[in-house]
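This report concerns only the one structure given below.
These values consider heavy atoms only, across backbone and side chains, with no hydrogens, waters or symmetry-generated copies. Just so you know, residue 1 is the first one in the sequence shown, and it goes up from there. These figures come from a predicted structure and were not determined experimentally.
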Amino acid sequence: HLGPAIQNAQLHGEVRKSAQEFMEILDNSPVGVQISNPGDGKVLYANETLLKMRKFTKAELFAIDSKTKFSKLYVDPNHYKEMTERYNKEGFVRDYIIEMLRSDESSFWALLSLFPIEYEGKSARIDWFYDFTDRKMAEEAVQNLNRKLRMSSSCIRAMIHTTGETELLNEVCRIVV
């Protein structure tokens with residue numbers, strides 16, 4: 001009977017086509033994507049968006065071994081270890097904010113999500129990278145402005161409620177320090 005053999009060949013063709021379409025989506029994603037080995041973290045795939053974000057060539061990124069990975073890719077390796085422990089415990093990580101290094105040793109903030117997948121017939125992990133630097137800098141600027149506003153408000157209150165210059169100077173020094 002050729003019926004089951006033909007159906008099987010059609011199914012394999014559909015699976016192959018679906019895998020090709022999936023890789024095209026990853027290749028053209030505006031978000032950085034990498035696929036890695038969950039055991040040693042070795043990069044198996046990286047899209048152009050990620051390579052530009054990290055300022056690595058594909059060869060450079062793929063050549064990083066697990067022994068030097070932490071010093072080349074993460075500002076604080078403990079954050080990577082924490083994220084990996086969470087992945088191992090929960091089976092995924094969603095929206096983890098981490099400070100990373102580019103190939104030129106400049107840093108940037110990334111919002112990462114990690115999920116298990118099958119890649120080329122083996123267990124793997126897909127990592128989605130969103131450059132979060134602008135938002136992180138804006139949050140820090142707002143916090144800094146809020147701190148200055150609270151300090152200014154306290155100094156104004158001190159000017160209103162103190163009676164002498166020495167008292168005012170002491171109160172302002174207490175507020176600022």
Can you tell me if Glu167 uses its side chain to pair, donor with acceptor, with the backbone of Thr163 under 3.5 Å?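 Yes, Glu167 side chain to Thr163 backbone: donor-acceptor pair under 3.5 Å.
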Which ILVMFWY residues can you reach from Val75 by hopping between side chains whose heavy atoms are under 4.5 Å apart?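 Besides Val75, the hydrophobic cluster comprises Leu101, listed by chain and residue number.
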Would you please name every residue forming a side-chain hydrogen bond (donor to acceptor under 3.5 Å, both in side chains) with Thr166, sequence neighbours left out?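 By the side-chain hydrogen bond (donor to acceptor under 3.5 Å, both in side chains) rule, Thr166 matches no residue at all.
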Kindly work out whether a path of hydrophobic side-chain contacts (I/L/V/M/F/W/Y, heavy atoms less than 4.5 Å apart) joins Val43 to Ile35.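 Per the 4.5 Å side-chain linkage, Val43 and Ile35 are not co-clustered.
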Are Ile126 and Met53 connected in the hydrophobic side-chain network, where two residues link if heavy atoms are under 4.5 Å apart?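 Ile126 and Met53: separate clusters.
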What distance do [X] atom [atom1] and [Y] atom [atom2] have between them, rounded to the nearest 0.5 Å?
| X | Y | atom1 | atom2 | result |
| --- | --- | --- | --- | --- |
| Ser107 | Met100 | OG | CE | 11.0 Å |
| Trp128 | Leu26 | CH2 | CG | 5.0 Å |
| Gln34 | Phe62 | CD | CZ | 8.5 Å |
| Ile160 | Thr162 | CD1 | OG1 | 9.5 Å |
| Ile98 | Leu111 | CD1 | CG | 11.0 Å |

Write down the atom of [X], the atom of [Y], and the distance for their closest heavy-atom approach.
| X | Y | answer |
| --- | --- | --- |
| Pro38 | Ala124 | CD-CA, 3.6 Å |
| Arg94 | Ser113 | CA-OG, 3.6 Å |
| Ser36 | Leu44 | C-CD1, 3.9 Å |
| Leu112 | Phe129 | CD1-CD2, 3.6 Å |
| Ile64 | Leu73 | CD1-CD2, 3.7 Å |

Test: salt bridge (charged side-chain N to carboxylate O under 4.0 Å, His left out). Region: residues 110-119. Which pairs qualify, not counting sequence neighbours?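 Every candidate salt bridge (charged side-chain N to carboxylate O under 4.0 Å, His left out) pair involving residues 110-119 fails, so no pair, neighbours aside, qualifies.
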Hey, does Tyr119 have a side-chain heavy atom less than 4.5 Å from the side chain of Arg125?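 The answer is no, as the side chains (C-beta and beyond) never meet within the 4.5 Å cut-off.
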Extract all donor-acceptor atom pairs below 3.5 Å that involve side chains of residues 78-92 and protein atoms in other chains or at least two apart in sequence.
from: Glu82; atom 1: OE2; to: Tyr96; atom 2: OH; distance (Å): 2.9
from: Thr84; atom 1: OG1; to: Tyr80; atom 2: O; distance (Å): 2.9
from: Asn88; atom 1: ND2; to: Thr84; atom 2: O; distance (Å): 3.4

Dump the intermediate steps for side chain to side chain contact (heavy atoms under 4.5 Å, CB included) on Leu50 and Val33, then the final yes or no. CA-CA 6 Å; Leu50 178 72; Val33 181; 5.9 Å; no
Show every side-chain hydrogen bond (donor to acceptor under 3.5 Å, both in side chains) that has at least one partner inside residues 38-55, sequence neighbours left out.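 Output for this query lists Asp27-Tyr45, Lys55-Asp104.
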For Leu169, which residues count as a side-chain contact (heavy atoms from CB on, under 4.5 Å) partner, sequence neighbours excluded?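 side-chain contact (heavy atoms from CB on, under 4.5 Å) list for Leu169, sorted by chain: Cys173.
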My understanding is that only residues two or more places apart in sequence, or in another chain, count here; which of them pass side-chain contact (heavy atoms from CB on, under 4.5 Å) with Ile25?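 Ile25 satisfies side-chain contact (heavy atoms from CB on, under 4.5 Å) with no residue once adjacent residues are dropped.
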Given side chain to side chain contact (heavy atoms under 4.5 Å, CB included), test Glu99 with Asp76 step by step and report yes or no. CA-CA 7 Å; Glu99 191 174 13; Asp76 183 349; over 6 Å; no
